[in-house]
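When reading the values below, keep in mind they use all heavy atoms of this one structure, side chains included, and skip hydrogens, waters and symmetry mates.
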Amino acid sequence: MLPLPQSVVWKDQAIELNSVKLSIPKLTGDKLRIAHLKSELQSLLVRNKVKVSAEASTQIRLRIGTVKVPAQWKGQEKEAYEIIVAKRGVVITANAVEGLNYGVQTLRQLMVHKNGKTTVAVCSISDYPAFKIRGFMHDVGRNFQSIDQLKMQIETFAHYKINTFHFHLTEYHGWRLESKIYPNLQADSSFTRKVGKYYTQKEFKDLVDYCWARNITVIPEFDIPGHSDAFRKGVGVKNMKDPKALKALIELFDDLCSLVPREKMPYVHVGTDEVG
């Protein structure tokens, strides 16, 4: 199993799933994550040829309860979960929707469809993250990737409980986020690689929501004051000491932060590459 849960007790047997009674708590609050949780579980059952029936004797039950986390991991309770697989079915318990989502990702690895049968190993699992930030980074400033390419990878990373996407948006070669304040940042003359390839503000906001639904926080990066050729061309300054550069950067950061609510994008990375 990847990543290996904190505690797994195997019972050397499995239960067979043909049809299940599905129970999902009525959650309030984060509609994006709740909707995705339901979609994830339903698609998992369809993929493994398991029918949902109110009359089924076997259940898959998701519930909000209390899952304890050791003192050194305090603050990460939302990502903790427990799974009990027994004769009557599967029960996933978590403190919040994030933990339920991770429990479903673990169930994905436990569920096996082979020779026309779907089984789940009988076990008890208790899990919480060993690391607060579990991330990956793409330098799309250098090597542009389409939104579809990014989403394909994000979907896979989410299955393995990755929770942070460091989105390196700018480089020598291009400023990849649309600016309506400084539109020349998207002029062909500002690019030296993958000319004209950038993300609209609408695409950026959609991608942040796509990640958020999967428990992934986007940390966007503006790589300055080094590696700033595209920036200098786009705003019309010769070097980063020009007062116009600081004014433009403040406006660009303010604009970036206005696109997404703080709870979905609590961090912004300033590259500070090669300042000297």
Can you see which heavy atom on [X] is nearest to which on [Y], and at what distance?
| X | Y | answer |
| --- | --- | --- |
| A80 | V69 | CB-CG2, 3.6 Å |
| Q149 | Q153 | O-NE2, 3.0 Å |
| Q145 | Y199 | O-OH, 2.5 Å |
| P266 | T217 | CD-CG2, 3.6 Å |
| Y182 | K247 | OH-NZ, 4.0 Å |
| E221 | G271 | OE2-CA, 3.2 Å |

Would the distance check show the side chain of [X] and the main-chain N or O of [Y] forming a donor-acceptor pair, the cut-off being under 3.5 Å?
| X | Y | answer |
| --- | --- | --- |
| S39 | A35 | no |
| R214 | A158 | no |
| Q186 | S179 | yes |
| N95 | E77 | yes |
| N163 | K132 | yes |
| R232 | N239 | no |

Pairwise distance [atom1]([X]) to [atom2]([Y]) - rounded to 0.5 angstrom:
| X | Y | atom1 | atom2 | answer |
| --- | --- | --- | --- | --- |
| T200 | K205 | OG1 | NZ | 9.0 Å |
| D223 | T170 | CG | OG1 | 5.0 Å |
| D139 | H166 | CG | NE2 | 9.0 Å |
| L22 | L62 | CG | CG | 7.5 Å |
| W175 | K233 | CH2 | NZ | 14.0 Å |
| D206 | C211 | CG | SG | 9.5 Å |

Taking the side chain as every heavy atom from C-beta outward, state whether [X] and [Y] have any atom pair closer than 4.5 Å.
| X | Y | result |
| --- | --- | --- |
| T164 | Y267 | no |
| S53 | K51 | no |
| V218 | L207 | no |
| Q76 | Y128 | no |
| E171 | R193 | no |
| F191 | K197 | no |
| H173 | T192 | yes |
| D209 | K264 | yes |

Could you give the side-chain donor-acceptor pairs of residues 96-122 under 3.5 Å, partners two or more places apart or in another chain?
from	atom 1	to	atom 2	distance (Å)
E98	OE2	R33	NH1	2.9
N101	OD1	Q105	NE2	2.9
Y102	OH	E79	OE2	3.0
Y102	OH	R134	NH2	3.2
Q105	OE1	R108	NE	3.1
Q105	OE1	R108	NH2	3.4
Q105	NE2	E40	OE1	2.6
T106	OG1	Y81	OH	2.5
T106	OG1	Y102	O	3.3
T106	OG1	K161	NZ	2.9
R108	NH2	E40	OE1	2.8
R108	NH2	H159	NE2	3.4
Q109	OE1	L2	N	3.0
Q109	NE2	L2	O	2.7
H113	ND1	N48	O	3.3
H113	ND1	T118	OG1	2.7
T118	OG1	N48	O	2.4

Report whether [X] and [Y] are members of the same hydrophobic cluster (ILVMFWY, side-chain heavy atoms less than 4.5 Å apart, transitive linking).
| X | Y | value |
| --- | --- | --- |
| I83 | W10 | yes |
| F131 | I216 | no |
| L249 | L177 | yes |
| V91 | I60 | no |
| I181 | F231 | yes |

*Hey, are E155 and Y210 close enough side-chain-wise for a donor-acceptor pair under 3.5 Å?*
yes
*Sequence neighbours excluded, which residues qualify as side chain to side chain contact (heavy atoms under 4.5 Å, CB included) partners of K238?*
none
_Test side chain to side chain contact (heavy atoms under 4.5 Å, CB included) applied to E82 - qualifying residues, sequence neighbours left out_ = V67, S126
*Please work out whether the ring planes of F167 and F204 are parallel, tilted or perpendicular, with thresholds of 30° and 60°.*
parallel
*asked:* Below 30° counts as parallel, above 60° as perpendicular, anything between as tilted: where do the rings of F165 and H138 land?
replied: perpendicular
*Can you check side chain to side chain contact (heavy atoms under 4.5 Å, CB included) on I224 and V270, steps first, answer last?*
CA-CA 7 Å; I224 50 93; V270 182; 3.6 Å; yes
_Any salt bridge linking K151 with D148? Criterion: basic side-chain nitrogen under 4.0 Å from a carboxylate oxygen._
no
*asked:* Using a 6.0 Å cut-off, check whether atom CZ of F136 has over 12 heavy atoms from anything other than its own residue.
replied: yes
*What pairs meet the ring pair (Phe, Tyr, Trp, His ring centres under 6.0 Å) rule with one or both residues in residues 52-71, with sequence neighbours excluded?*
none
*side chain to side chain donor-acceptor pair (under 3.5 Å): pairs with one or both residues in residues 17-30, sequence neighbours excluded*: D30-W212
Do any side-chain atoms of residues 252-262 form donor-acceptor pairs under 3.5 angstrom with protein atoms, and if so which ones, sequence neighbours left out?
from	atom 1	to	atom 2	distance (Å)
D255	OD2	Q201	NE2	3.0
S258	OG	D255	O	2.6

*asked:* Between L185 and S190, does the side chain to side chain contact (heavy atoms under 4.5 Å, CB included) criterion hold? Intermediate values first, please.
replied: CA-CA 6 Å; L185 286 168; S190 295; 5.6 Å; no
